[in-house]
Protein chains: 2
Amino acid sequence: MPDRAFPEGGPSFSPLYRQIKALITRSLQAGEWRPADAIPSEIELAARFGVSQGTVRKAVDELASENLLVRRQGKGTFVATHSEEKVQYRFLRLTSDDGKPLRSERRFIDCQRLRAPADIAHPLMLRSGAPVFMVRRLLSFDDRPVVLEDIWLPGAHFKGLTTERLTDCRGPLYAFFEEEFGVRMIRAEEKIRAVAASAEAAQWLKLIQGAPLLSAERLSFTYDDKPVEVRRGFYDTSFHHYRNTLN
Amino acid sequence: MPDRAFPEGGPSFSPLYRQIKALITRSLQAGEWRPADAIPSEIELAARFGVSQGTVRKAVDELASENLLVRRQGKGTFVATHSEEKVQYRFLRLTSDDGKPLRSERRFIDCQRLRAPADIAHPLMLRSGAPVFMVRRLLSFDDRPVVLEDIWLPGAHFKGLTTERLTDCRGPLYAFFEEEFGVRMIRAEEKIRAVAASAEAAQWLKLIQGAPLLSAERLSFTYDDKPVEVRRGFYDTSFHHYRNTLN
DNA sequence: GAGTGGTCTAGACCACTGA
DNA sequence: CAGTGGTCTAGACCACTCG
């Protein structure tokens with residue numbers, strides 16, 4: 001049975017279900033259950049942790065609402081995965097103006113191993129000059145180039161990444177990262193701006209230089225809010241828009 | 001005790017707590033409890049609806065997570081209001097690049113009663129030509145004009161709206177709408193693009209024509225997902241950005 | 001101390017899945 | 001049919017607020 005003690009400076013009270021939640025998260029992080037696997041049933045977990053089913057339930061509820069677990073009535077609770085998502089692009093909020101589904105195509109332009117410039121190293125919590133991978137790719141929707149993005153990944157977690165392996169990858173990129181490198185993206189933060197297209201961006205997106213582009217700078221996190229990806233994307237919003245819901 | 005029957009085509013099963021939730025929502029909508037008021041305690045609600053406290057709790061939990069109610073331990077559960085929010089702009093996701101708080105100032109440029117053009121009437125579910133109010137305003141942060149927006153409101157719900165009344169209003173605009181017109185904004189959807197500044201927008205925002213601007217088209221909803229506001233904003237993102245969190 | 005929301009339990013039963 | 005998650009109950013106790 002977990003202890004209710006808390007460290008100096010922490011919250012004044014940590015309910016049991018949060019401690020259970022932390023234990024389950026630790027098992028997820030440690031890979032005790034693989035992506036897409038079923039985790040033990042609520043009754044089993046309750047026995048294992050020495051608490052009631054209701055307490056386990058509340059812990060699992062929160063993890064499910066954070067998209068770390070997926071509940072399926074009658075079947076069990078499963079470790080979430082990027083592989084079997086309905087949407088190809090989990091974090092890309094771009095939609096066609098006419099609402100039709102996007103027939104998408106992607107092309108990897110480049111993949112290099114280099115030393116992190118300061119403005120990449122800093123958000124990734126690396127030292128300047130640390131090894132990183134830089135992937136550049138172009139997404140086209142209905143044969144129109146729409147998204148040009150640079151993806152920066154810490155070298156330590158993505159050893160052996162090459163353009164070839166990226167090109168061979170079929171499903172979502174995040175599923176590839178999850179399977180090949182054991183890095184699971186949980187959540188992300190974006191900063192969005194309007195900018196004028198550089199000569200290079202204009203060329204790839206088949207626009208004139210200076211055309212307005214949406215700039216999205218994304219920082220993605222894995223367990224423990226550890227940053228593991230920086231993305232800098234330019235979106236041509238002539239026929240598409242970035243959608244958002246405010247609550 | 002509510003009935004579990006469900007209408008043709010609805011979900012195959014409607015749990016009790018969702019029916020309770022619907023009943024509470026109806027009372028909120030009907031104004032049985034005013035904004036910022038405390039609603040009855042969980043025990044009272046349980047007695048009133050003839051269910052257990054746990055069932056009421058689950059209903060209230062969902063309403064709190066949708067920002068319709070606010071729970072305060074030891075005090076009670078309160079009807080959410082736009083008046084006492086920490087943030088001045090509930091739905092404006094604009095942040096200064098340096099992260100410092102924004103000293104903001106707003107100026108109402110115009111307020112007219114006119115007939116809705118088709119592209120405004122349609123999202124508001126009005127007929128083309130229906131009376132609407134159009135409010136134009138300019139927001140400045142640290143003495144720099146950053147946001148120019150047109151706000152469109154259905155005439156039927158905002159009778160008597162004038163520039164004067166808007167200028168006199170101190171707190172958030174949505175608090176003003178809530179208090180003066182009984183229209184409470186619950187959630188919103190936005191479509192975001194990069195566009196080139198028009199001559200008019202450039203003038204207000206002190207930019208050159210053609211400068212890249214973020215365009216945000218917002219549709220806000222009140223109870224029952226009824227649309228009651230269209231906003232078209234242009235944001236100068238030279239020193240600010242639109243932030244978003246992806247889950 | 002009384003009243004509120006917050007946690008935890010134990011047990012019953014329901015809805016759904018798949019063998 | 002057994003096993004899973006989902007709902008609902010009744011009751012106990014805890015944490016917090018305020019008079």
Side-chain angles (χ1 to χ4, degrees), chain A residues 1-6 9-24 28 33 36-80 84, chain B residues 1-6 9-24 28 33 36-80 84:
Chain A
M1 173 120 45
D3 174 22
R4 295 196 193 187
F6 53 88
S12 61
F13 170 66
S14 173
L16 198 45
Y17 74 88
R18 283 211 188 277
Q19 302 177 43
I20 303 302
K21 182 184 171 188
L23 291 176
I24 296 175
L28 285 170
W33 313 299
D37 275 2
I39 70 170
S41 75
E42 293 178 352
I43 293 173
E44 285 175 284
L45 288 173
R48 165 165 162 180
F49 297 126
V51 301
S52 79
Q53 185 183 353
T55 299
V56 167
R57 176 153 259 280
K58 191 150 186 180
V60 171
D61 275 346
E62 288 201 353
L63 290 168
S65 79
E66 292 166 19
N67 298 312
L68 295 187
L69 295 176
V70 177
R71 319 193 72 143
R72 286 188 213 134
Q73 183 172 115
K75 299 175 77 172
T77 301
F78 300 79
V79 181
E84 50 184 49
Chain B
M1 175 116 45
D3 175 20
R4 294 195 194 186
F6 53 88
S12 62
F13 170 65
S14 174
L16 199 43
Y17 74 86
R18 283 214 188 274
Q19 302 177 43
I20 303 301
K21 181 184 172 189
L23 290 175
I24 297 175
L28 284 170
W33 313 299
D37 276 2
I39 70 170
S41 75
E42 293 178 352
I43 292 173
E44 285 175 284
L45 288 174
R48 164 163 163 181
F49 297 126
V51 301
S52 78
Q53 185 184 352
T55 300
V56 167
R57 177 154 258 279
K58 192 149 184 179
V60 171
D61 275 346
E62 288 201 354
L63 290 168
S65 79
E66 292 166 19
N67 300 116
L68 294 187
L69 295 176
V70 177
R71 318 193 74 142
R72 285 187 213 136
Q73 182 172 116
K75 299 175 79 172
T77 302
F78 300 79
V79 181
E84 50 184 49

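The sequence lines fix the lettering, A, B, ..., with proteins before strands; numbering per chain opens at 1.
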| Expressed in angstrom and rounded to an integer, what is the separation of A/Arg18 atom CZ from D/dA15 atom P? | 16 Å
| request: Report yes if a side-chain nitrogen or oxygen of A/Thr55 is closer than 4.0 Å to either non-bridging phosphate oxygen (OP1 or OP2) of C/dT9; otherwise report no. | output: yes
| message | How many whole angstroms separate atom CG of B/Asp61 from atom P of C/dG5? | response | 11 Å
| query | When you measure from the side chain of A/Lys75, which nucleotide among D/dC16, C/dT7, C/dT17 comes out closest? | reply | C/dT17
| said: So if I take every side-chain heavy atom of A/Phe13 and compare against C/dT9, D/dG5, D/dA15, which nucleotide ends up nearest? | reply: D/dA15
| query | Of A/Tyr17 and B/Ile39, whose nearest nucleotide on DNA chain C comes first from the 5' end? | reply | B/Ile39
| remark: Which of B/Thr55, B/Asp61, B/Val51, B/Val60 passes side-chain contact (heavy atoms from CB on, under 4.5 Å) with B/Tyr17? Answer is B/Thr55
| field | Distance in Å, A/Ile24 CD1 paired with A/Thr77 OG1, rounded so as to fall on 0.5 Å steps | value | 9.0 Å
| request: Taking only the side-chain nitrogens and oxygens of A/Lys58, find out if one of them lies under 4.0 Å from OP1 or OP2 of C/dC8. | output: no
| remark: Rounded to whole Å, the CD-P distance (B/Gln53 to D/dT9) equals 11 Å
| said: For the CD1 atom of B/Ile43 and the CZ atom of B/Arg57, what is their distance to the nearest 0.5 Å? | reply: 11.0 Å
| request: Would you indicate, yes or no, if C/dC8 has its OP1 or OP2 atom less than 4.0 angstrom from a side-chain nitrogen or oxygen of A/Ser52? | output: no
| query | Mind checking whether A/Leu45 and A/Ile20 have side chains closer than 4.5 Å, heavy atoms only? | reply | no
| query | Just to confirm, is there a sub-4.0 Å distance from OP1 or OP2 of C/dG5 to any side-chain nitrogen or oxygen of B/Thr77? | reply | yes
| task | Could you tell me the separation between the CG atom of A/Leu16 and the P atom of D/dA12, rounded to a whole number of Å? | result | 20 Å
| request: Would you kindly give the CD1-to-C1' distance between B/Ile43 and D/dG11, to the nearest whole Å? | output: 12 Å
| request: Write down the distance between CZ (A/Arg72) and P (D/dG5), rounded to a whole number of angstrom. | output: 12 Å
| request: Round to the nearest Å and state the distance from B/Leu45 atom CG to C/dG3 atom C1'. | output: 15 Å
| query | A/Arg57 near the nucleic acid: base, sugar-phosphate alone, or nothing, with a heavy-atom cut-off under 4.0 Å? | reply | base
| remark: In whole angstroms, the gap separating P of C/dT4 from CG of B/Asp37 amounts to 16 Å
| note | Shortest non-hydrogen pair, A/Phe78 vs A/Gly76, comes out as CE1-O, 3.4 Å
